[in-house]
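First comes the structure, then the notes that go with it.
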Amino acid sequence: MTATRLGDARATHHRIALGEFEVTAVLEGSGVNDGIHPIFGHDQTKETFCEYAVARRMPADRFEHVFIPVLVNTENALVLFDTGLGAMGAERGAGKLRERMLEAGYSPDAVDIVVITHSHPDHIAGLWDGDKPAFPNARYAIGRVEYDGWSSGEKIPPQRAQNRELFLKTVPPLAEKTTFLEPGDSVVSGITAVESYGHSVGHMSFMIESGNRSLLLWGDVANHFVFSVGKPEWQVGFDDLKDEAIATRTRILDWVATDDVPVIGFHMPFPGIGFVERIGGEYRWIPESYRLRV
């Protein structure tokens, strides 16, 4: 008797201890995108890009796009970083954050603080459930530069016009419950804002520290584990301020590789946790195995 094919299957959440904190990566969704160049290698020829992809045993014509919001339970607060695509993600295999939070053991009304790394759709569209906040008991936090930049429209590129409309509909209505962060500010004890401007006008990363453990949540500093990490100097179509994004990406990759800082990234291969190593003059993404568990 031949068994029926069941299709692909993968975990939808992944939890680790970080000192006294618990960090849970949630797979809000994923999908395969046709066309990877010139999204990555935006300033490179197709031939150069394809040669690099083939040498790294990567497809040169498509990629999997994953969306990984993160929950940090400090015991004093449940902090959610980014909200995914919400209802906008239904046709992209995404928009599943709240149901997958429940699978991971957390209800949406248990979230105390929602932190927005930046205001691109896959990070803010899940803030609302219809006309009600999706996380009804939460306060919010966002970088001051990010909030002011999208509010004024300054430095927002023309291709982000619809994105800015989404921002104005979703983020300013929550302003009375929002804390506006500067680099170095604490969200709660053990979670500190780190300046990482460029992917968006005021993009923020966050250092998470508890006990003798630390983890950098870098948001979208790097959007692909091969092309953004291996070639940080290449332009990325997703980046709003491309030169600034390259400078930030290079700086942060050098930092985490030199200091051996573990990272969690919104678009890294699920569960998004890993290390960056400098090998032969090039950065490489090394998925976390068990170093954070021993």
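Atom set for the values below is all heavy atoms of this structure, side chains included, hydrogens, waters and symmetry mates excluded.
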Sidechain N-carboxylate O distance under 4.0 Å for [X], [Y]:
{"X": "Asp239", "Y": "Arg249", "result": "yes"}
{"X": "Glu195", "Y": "Arg251", "result": "yes"}
{"X": "Lys155", "Y": "Glu244", "result": "no"}
{"X": "Asp260", "Y": "Arg291", "result": "yes"}

If hydrophobic clusters are built by linking Ile, Leu, Val, Met, Phe, Trp and Tyr wherever their side-chain heavy atoms come under 4.5 Å apart, do [X] and [Y] end up in the same one?
{"X": "Ile116", "Y": "Trp150", "answer": "yes"}
{"X": "Ile252", "Y": "Val201", "answer": "no"}
{"X": "Trp218", "Y": "Ile273", "answer": "no"}
{"X": "Ile208", "Y": "Met204", "answer": "yes"}
{"X": "Leu18", "Y": "Val115", "answer": "yes"}

Keeping the roles fixed (side chain from [X], backbone from [Y]), state whether a donor-acceptor pair exists under 3.5 Å.
{"X": "Arg100", "Y": "Leu27", "result": "yes"}
{"X": "His37", "Y": "Gln44", "result": "yes"}
{"X": "Thr74", "Y": "Ala77", "result": "yes"}
{"X": "Arg164", "Y": "Ser151", "result": "yes"}
{"X": "Thr248", "Y": "Tyr197", "result": "yes"}
{"X": "Thr45", "Y": "Thr48", "result": "yes"}
{"X": "His14", "Y": "Ala25", "result": "no"}
{"X": "Thr178", "Y": "Tyr140", "result": "no"}

Is the shortest side-chain heavy-atom distance between [X] and [Y] below 4.5 Å?
{"X": "Lys231", "Y": "Arg56", "result": "no"}
{"X": "Ile36", "Y": "Pro59", "result": "no"}
{"X": "Phe206", "Y": "Val72", "result": "no"}
{"X": "Phe238", "Y": "Ile39", "result": "yes"}
{"X": "Phe49", "Y": "Pro38", "result": "no"}
{"X": "Phe275", "Y": "Glu288", "result": "yes"}
{"X": "Val236", "Y": "Ser228", "result": "yes"}
{"X": "Thr12", "Y": "Lys96", "result": "no"}

Considering residues, nucleotides and ligands other than [X], do more than 12 of their heavy atoms fall under 6.0 Å from its [atom1]?
{"X": "Glu99", "atom1": "CD", "result": "yes"}
{"X": "Gln159", "atom1": "CD", "result": "yes"}
{"X": "Glu233", "atom1": "CD", "result": "yes"}
{"X": "Glu64", "atom1": "CD", "result": "yes"}

[X]-[Y] side chain donor-acceptor pair, cut-off 3.5 Å:
{"X": "Thr117", "Y": "Asp82", "answer": "yes"}
{"X": "Asp109", "Y": "Ser107", "answer": "yes"}
{"X": "Arg278", "Y": "Thr258", "answer": "yes"}

Walk me through it: do Thr170 and Ser119 pass the test side chain to side chain contact (heavy atoms under 4.5 Å, CB included)? CA-CA 10 Å; Thr170 56; Ser119 299; over 6 Å; no

[X] versus [Y], closest heavy-atom pair with distance:
{"X": "Thr24", "Y": "Ala104", "value": "CG2-CB, 4.2 Å"}
{"X": "Trp128", "Y": "Lys169", "value": "NE1-O, 4.3 Å"}
{"X": "Leu253", "Y": "Pro232", "value": "CD1-CB, 3.6 Å"}
{"X": "Leu127", "Y": "Thr83", "value": "N-OG1, 3.3 Å"}
{"X": "Arg98", "Y": "Ala134", "value": "NH1-O, 3.2 Å"}
{"X": "Glu282", "Y": "Gly230", "value": "CG-O, 3.4 Å"}

Ring centroid separation for [X] and [Y], is it under 6.0 angstrom?
{"X": "Phe63", "Y": "Phe227", "result": "no"}
{"X": "His120", "Y": "His199", "result": "yes"}
{"X": "His267", "Y": "His65", "result": "yes"}

Option from Val261, Leu215, Leu217 for which side chain to side chain contact (heavy atoms under 4.5 Å, CB included) with Met207 holds: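 Running side chain to side chain contact (heavy atoms under 4.5 Å, CB included) over Val261, Leu215, Leu217 with Met207 returns exactly one hit, Val261.
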
Given Phe135, which of Val114, Ile113, Leu78 fulfils the side chain to side chain contact (heavy atoms under 4.5 Å, CB included) condition?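 Result for side chain to side chain contact (heavy atoms under 4.5 Å, CB included) with Phe135: Val114.
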
Test side chain to side chain contact (heavy atoms under 4.5 Å, CB included) on Leu80 and Tyr106 and set out the steps. CA-CA 11 Å; Leu80 171 65; Tyr106 300 108; over 6 Å; no

Measuring from [X]:[atom1] to [Y]:[atom2], what's the distance to the nearest 0.5 Å?
{"X": "Ile156", "Y": "Asn163", "atom1": "CD1", "atom2": "CG", "result": "8.0 Å"}
{"X": "Leu174", "Y": "Ile124", "atom1": "CG", "atom2": "CD1", "result": "10.0 Å"}
{"X": "Phe21", "Y": "Ser189", "atom1": "CZ", "atom2": "OG", "result": "6.0 Å"}
{"X": "Arg284", "Y": "Glu277", "atom1": "CZ", "atom2": "CD", "result": "10.0 Å"}
{"X": "Arg92", "Y": "Asp122", "atom1": "CZ", "atom2": "CG", "result": "7.0 Å"}
{"X": "Ser210", "Y": "Glu22", "atom1": "OG", "atom2": "CD", "result": "10.5 Å"}

Does the side chain to side chain contact (heavy atoms under 4.5 Å, CB included) test come out yes or no for Asn223 and Phe40, once each step is laid out? CA-CA 9 Å; Asn223 277 344; Phe40 298 98; 3.9 Å; yes

Would you please test Asp240 and His118 for side-chain hydrogen bond (donor to acceptor under 3.5 Å, both in side chains) and show each step? CA-CA 11 Å; Asp240 292 346; His118 65 293; over 6 Å; no

Run Asp220 and His123 through side chain to side chain contact (heavy atoms under 4.5 Å, CB included) and show every step you take. CA-CA 10 Å; Asp220 283 13; His123 298 261; 3.2 Å; yes

